2 protein chains.
Amino acid sequence: MARRNDHSREEIREMALEAAEQLVSEQGPGAFSARKVAGAIGYTVGTLYLVFDNLDDLILQMNARTLDRLHGRMLQARIQCRNSREALLRLGETYIRFADEDPHRWEMIFGHRTAEGEKTPEWFQQKVARMFALVEAVMQPLAKRRSAPEIAQAARALWGGVHGICILALTDKLGVAGVQSVQDLAQSLINNYLEGFTRQ
Amino acid sequence: MARRNDHSREEIREMALEAAEQLVSEQGPGAFSARKVAGAIGYTVGTLYLVFDNLDDLILQMNARTLDRLHGRMLQARIQCRNSREALLRLGETYIRFADEDPHRWEMIFGHRTAEGEKTPEWFQQKVARMFALVEAVMQPLAKRRSAPEIAQAARALWGGVHGICILALTDKLGVAGVQSVQDLAQSLINNYLEGFTRQ
DNA sequence: ACAATAAATGAACGTTGTTCAATATCGCCT
DNA sequence: AGGCGATATTGAACAACGTTCATTTATTGT
């Protein structure tokens with residue numbers, strides 16, 4: 001038995017999330033199970049339930065970390081750009097590259113089904129919202145005469161679009177091969193959408 | 001025991017798919033299980049495995065039927081339109097309405113993860129491809145000076161986009177309420193993309 | 001040293017997908 | 001009509017799953 005107080009609750013939480021991430025990342029969502037995560041950190045199932053409400057909770061917290069990392073990368077990408085148009089394209093590129101580099105971890109965020117009655121908690125929703133807010137902020141200077149709600153809508157339409165391309169491509173439903181093709185699709189979507197949105 | 005030859009293999013197949021669809025539709029993907037499907041048609045688990053390779057096979061065939069229905073609706077929608085632009089918008093509307101009317105069944109198509117090593121069979125891929133081909137056909141007359149590969153790419157970018165809006169909205173990740181808002185997003189995407197794609 | 005306290009366990013339960021020997025029923029032939 | 005061979009159907013069995021919680025174990029305070 002792992003010695004008591006070997007690790008604090010917070011440490012166990014961290015270890016479990018780390019192990020879960022590695023498991024999903026390397027062996028796919030199917031390889032993920034409570035016993036495997038527990039085993040990987042030298043504890044048993046029961047311990048996990050002292051730290052997480054249930055497996056859904058663990059997955060949600062794991063996804064939150066992934067989402068944080070994605071958001072960080074997107075923030076970073078934006079800084080390196082001179083103008084808004086370039087920034088938007090780079091955001092798209094970053095999003096797709098992130099998904100491609102670790103498809104399993106990314107799929108976990110958007111593929112995981114929350115149990116029937118349950119709804120995604122507020123704090124998680126906000127992490128997703130934060131991403132749209134970022135897109136919104138970048139789009140703002142591109143269409144100055146548009147109202148705030150209009151821009152909010154445009155950001156959602158466009159980013160929903162980028163997301164769709166990404167998910168269909170990664171699950172081999174688009175009939176395109178290679179990351180570059182996916183990047184091209186996304187750039188095409190962004191460029192053309194922007195063309196229409198900014199012009200009229 | 002169900003009397004022998006009560007139903008042909010083909011009949012059992014049909015009954016099982018019907019029952020599975022109803023189960024998923026009414027109680028969500030979580031309620032779906034081999035024993036439940038078998039029970040619903042008055043047989044036992046074993047019988048299902050005489051008709052389907054495994055549960056993934058059953059799900060795949062169920063999804064194929066859903067995809068066929070969706071394709072049918074999209075074909076029908078196109079016919080009722082005068083010009084291509086209107087047709088494309090109607091296609092988007094039809095797609096989203098279909099997903100909204102039976103979200104569980106629709107989610108099953110795109111949310112279902114095929115087991116790690118396995119890849120989606122050719123015949124299924126083609127049913128998805130058929131949908132893109134339809135979009136392509138509708139876009140053709142809208143940009144006559146574009147090459148065929150360009151149009152193929154555009155169709156995938158655009159429809160990937162519509163799909164993304166649809167899936168994010170249905171899983172409550174877009175922060176929009178009501179089907180109409182989703183429809184608006186999709187129309188915005190299509191209109192603006194088309195604006196850019198046809199103009200330059 | 002010992003009792004009180006709390007961390008960690010792991011057996012237990014119900015469910016899952018999948019398999020396959022056993023069983024029940026049919027159609028056919030004498 | 002009766003029985004037999006063929007086969008459609010069963011359901012017990014298996015391993016693995018999420019989840020719970022009485023039991024066990026290590027640590028701490030006195």
Side-chain angles (χ1 to χ4, degrees), chain A residues 1-17 19-21 23-24 26-63 104 108 111-118, chain B residues 1-17 19-21 23-24 27-63 104 108 111-118 121:
Chain A
M1 156 149 93
R3 304 248 312 288
R4 164 175 154 171
N5 284 353
D6 249 14
H7 306 97
S8 70
R9 237 128 237 237
E10 189 48 47
E11 282 171 328
I12 292 180
R13 193 190 94 100
E14 190 66 22
M15 290 161 61
L17 289 173
E21 281 169 358
L23 209 57
V24 167
E26 292 176 2
Q27 305 185 238
F32 177 86
S33 88
R35 285 170 178 83
K36 283 204 189 113
V37 172
I41 62 171
Y43 282 85
T44 56
V45 256
T47 305
L48 279 188
Y49 284 83
L50 298 173
V51 179
F52 301 97
D53 295 344
N54 48 49
L55 270 212
D56 260 23
D57 182 32
L58 195 166
I59 291 172
L60 211 62
Q61 297 199 35
M62 176 174 96
N63 287 344
H104 289 146
M108 208 69 181
H112 177 65
R113 280 198 249 298
T114 148
E116 193 54 12
E118 306 296 310
Chain B
M1 160 146 96
R3 304 252 308 289
R4 166 175 156 171
N5 285 351
D6 249 15
H7 306 97
S8 70
R9 238 132 237 233
E10 191 47 48
E11 282 172 328
I12 292 180
R13 194 189 95 99
E14 190 67 21
M15 290 161 62
L17 289 173
E21 281 168 358
L23 209 57
V24 167
Q27 304 185 237
F32 177 86
S33 87
R35 285 169 178 83
K36 284 204 189 113
V37 172
I41 63 170
Y43 282 85
T44 56
V45 256
T47 304
L48 280 189
Y49 284 83
L50 299 174
V51 179
F52 302 97
D53 295 343
N54 48 48
L55 269 212
D56 260 22
D57 182 34
L58 196 165
I59 291 173
L60 211 62
Q61 297 199 35
M62 176 173 95
N63 287 343
H104 289 146
M108 209 68 180
H112 176 63
R113 279 198 251 297
T114 147
E116 194 55 11
E118 305 296 311

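Computed from a prediction, not measured in an experiment: that's the story for all the values here. Basis for what follows: all heavy atoms, side chains included, without hydrogens, waters or symmetry-related copies. The chains referred to below are lettered A, B, ... by the order of the sequence lines, with proteins before strands, and numbering in each begins at 1.
When the P atom of D:dT19 is taken as reference, atom CG of A:D56 falls 7 Å away, rounded to whole Å. In this structure, A:M15 atom CE and C:dA7 atom C1' are separated by 14 Å, rounded to whole Å. Rounded to a whole Å, the CG atom of B:D6 is 18 Å from the P atom of D:dT7. Regarding A:D57, its CG atom lies at a distance of 12 Å from the P atom of D:dT20, rounded to whole Å. Between B:Y49 atom OH and D:dC14 atom C1' there is a gap of 13 Å when expressed in whole angstrom units. To the nearest angstrom, P of D:dG18 lies 7 Å from CZ of A:F32. Atom-to-atom, NZ of B:K36 to C1' of C:dT15 comes out at 9 Å; the value is rounded to the nearest Å. Protein atom CG of B:L50 is 9 Å distant from nucleotide atom P of D:dT10, rounded to whole Å.
When distances run from any side-chain atom of B:L55 to the nucleotides C:dA8, D:dT19, C:dT18, the shortest one goes to C:dT18. Counting only heavy atoms from C-beta on, B:Y43 has its side chain closest to D:dT9 among C:dT16, D:dT9, D:dT19. Here C:dT18 is the nucleotide among D:dT19, D:dT9, C:dT18 with the atom lying nearest to any side-chain atom of B:A34.
The shortest side-chain heavy-atom distance between B:L58 and B:F32 falls under the 4.5 Å cut-off. Between A:I59 and A:M108, the closest side-chain pair of non-hydrogen atoms falls below 4.5 Å. A 4.5 Å side-chain heavy-atom check between B:R35 and B:L48 finds every atom pair outside the cut-off.
OP1 or OP2 of D:dT19 has not a single side-chain nitrogen or oxygen of A:R35 nearer than 4.0 Å.
Within the 4.0 angstrom heavy-atom criterion, only backbone atoms of the sugar-phosphate kind lie near A:S33; the bases stay farther away. Using a 4.0 Å heavy-atom criterion, one finds that A:L48 contacts no nucleic acid atom at all.
In this structure, A:N54 and B:T44 both approach DNA chain D, and ranking their closest nucleotides by distance from the 5' end singles out B:T44. Place A:T47 and B:V45 on DNA chain D by their nearest nucleotides, and B:V45 ends up nearer the 5' end.
Each of A:V51, A:L50, A:V37, A:D6 was scored for a side-chain contact (heavy atoms from CB on, under 4.5 Å) with A:Y43, with one residue passing: A:D6.
Under the 3.5 Å distance criterion, the side-chain polar atoms of A:K36 are matched with a main-chain donor or acceptor of A:A31.
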